[in-house]
Amino acid sequence: MKKSVFFVTRAALIAAIYFALATVLKPVSFGPVQFRLSEALVLLPLFMPEAVIGVTVGCFLSNFLYSTVYDVLFGTAATLIAAVLTYFLRRNKILAVLPPLVLNALLVPLIWIVDGSDPAYFLNLGLILASECIVVLLIGVPFTFVLEKALRRAGLALYTGKKDEVYIRTPREPATANDGNDDAPSV
């Protein structure tokens, strides 16, 4: 499969998953006290550059359909910048986790300042930071590392940073009855 098709397909799938999670959990995904489970996906740029586009489009669609124009602007910008910084910081996984936490905490409370609905910026900053810590650190980090390991075991190529890299699925050797694998059918 061509790299561009694979790239676009993965980005679209990530956007769809982000949007679906925000939609299913809509009552708790928006507002000063939010538990946007879809934000756990912002760590995917650690090993998938197409995730930058995916989470940004998913965030944009979620905010566009379910929130205010200010959330479309500030929320989507926070997610985009956080995803890009996560991608660039991918070599240091500890630092790469910080952009989603910090940027969402700083930018999302501006939504309620600008629209005049809640002028308590620092209170909202604390609430958003707490919810981002729960989602990103407790759910996103384990999910990201488990997913990366599963994709590698499945033979799906991940981004390594090499120029002209091609996304392919590496074929796996068929299991034989005597290789010590209990799952292999015996004949």
Side-chain angles (χ1 to χ4, degrees), residues 5-87 89-90 93 96-112 115 117-118 124-154 156 158-159:
V5 173
F6 198 76
F7 188 93
V8 171
T9 303
R10 270 195 180 171
L13 284 170
I14 292 166
I17 292 168
Y18 188 106
F19 179 75
L21 286 171
T23 300
V24 168
L25 299 170
K26 188 168 75 168
V28 294
S29 292
F30 299 92
V33 179
Q34 59 180 250
F35 186 75
R36 195 179 287 197
L37 189 59
S38 47
E39 279 292 307
L41 301 175
V42 297
L43 296 180
L44 292 180
L46 283 169
F47 61 92
M48 281 191 232
E50 58 272 24
V52 172
I53 296 167
V55 295
T56 303
V57 170
C59 181
F60 172 80
L61 291 172
S62 301
N63 292 341
F64 183 77
L65 290 176
Y66 304 124
S67 195
T68 67
V69 67
Y70 300 114
D71 199 8
V72 172
L73 297 174
F74 294 113
T76 304
T79 298
L80 172 63
I81 297 166
V84 168
L85 289 174
T86 297
Y87 170 75
L89 294 170
R90 70 188 178 278
K93 292 188 179 3
V97 173
L98 294 178
L101 302 175
V102 173
L103 288 167
N104 279 302
L106 292 173
L107 294 177
V108 172
L110 293 175
I111 296 164
W112 302 292
D115 75 5
S117 64
D118 190 356
N124 291 328
L125 182 144
L127 293 171
I128 296 296
L129 181 61
S131 67
E132 284 290 317
C133 284
I134 291 169
V135 171
V136 173
L137 296 178
L138 297 181
I139 298 168
V141 169
F143 168 75
T144 301
F145 292 117
V146 167
L147 179 64
E148 181 180 14
K149 186 175 180 179
L151 290 174
R152 288 191 192 282
R153 290 182 96 198
L156 294 172
L158 301 175
Y159 181 74

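Remark: I128 CD1 to L125 CG distance equals 8.5 Å, nearest 0.5 Å. Distance check, rounded to the nearest 0.5 Å: CD1 of I134 to CD1 of I139 gives 8.0 Å. Here the CD-CZ distance, from E148 to R152, works out to 4.5 Å after rounding to the nearest 0.5 Å.
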**OP:** Could you walk me through whether Y18 and T56 pass side chain to side chain contact (heavy atoms under 4.5 Å, CB included), step by step?
**Re:** CA-CA 9 Å; Y18 188 106; T56 303; over 6 Å; no
Subject >> Full working for side chain to side chain contact (heavy atoms under 4.5 Å, CB included) between V136 and V97 >> reply: CA-CA 8 Å; V136 173; V97 173; 4.0 Å; yes
Please report, to 0.1 Å, the donor-acceptor pairs under 3.5 Å made by any side chain of residues 101-108, with sequence neighbours excluded.
{"from": "N104", "atom 1": "ND2", "to": "E39", "atom 2": "OE1", "distance (Å)": "3.1"}
{"from": "N104", "atom 1": "ND2", "to": "P100", "atom 2": "O", "distance (Å)": "2.9"}
{"from": "N104", "atom 1": "ND2", "to": "E132", "atom 2": "OE1", "distance (Å)": "3.4"}

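Taking every heavy atom of both residues into account, S67 and F30 meet most closely at CB-CD2, 3.9 Å. The two residues A40 and G140 make their nearest non-hydrogen contact at CB-CA, 3.6 Å. Shortest non-hydrogen contact noted between A96 and T86 is O-OG1, 3.1 Å. Among all heavy-atom pairs drawn from Y70 and I111, the shortest one is O-CG1, 3.7 Å.
Under the 3.5 Å distance criterion, the side-chain polar atoms of S131 are left unmatched by any main-chain donor or acceptor of F35. Of the possible polar contacts, one joining the R90 side chain to the Y87 backbone as a donor-acceptor pair under 3.5 Å is found.
The salt bridge (charged side-chain N to carboxylate O under 4.0 Å, His left out) pairs that include a residue from residues 68-81 are R36-D71, where partners are two or more places apart or lie in different chains. Every pair tested for side-chain hydrogen bond (donor to acceptor under 3.5 Å, both in side chains) that includes a residue from residues 133-145 fails, sequence neighbours excluded, so the list is empty.
Checking I17, L43, T79 one by one against V55, the side-chain contact (heavy atoms from CB on, under 4.5 Å) holds for a single residue, T79.
Scanning for ring pair (Phe, Tyr, Trp, His ring centres under 6.0 Å) contacts around F143 gives an empty result, with sequence neighbours left out. F60 pairs by the ring pair (Phe, Tyr, Trp, His ring centres under 6.0 Å) definition with F64, not counting sequence neighbours. Considering only residues two or more places apart in sequence or on other chains, A51 meets the side-chain contact (heavy atoms from CB on, under 4.5 Å) condition with I14, L44, P45, M48.
Counting only heavy atoms from C-beta outward, the side chains of C59 and F19 never approach each other to under 4.5 Å.
Side chains of Y66 and T23: a donor on one and an acceptor on the other come within 3.5 Å.
In the displayed structure, K93 atom NZ is contacted under 6.0 Å by more than 12 heavy atoms of other residues, nucleotides or ligands.
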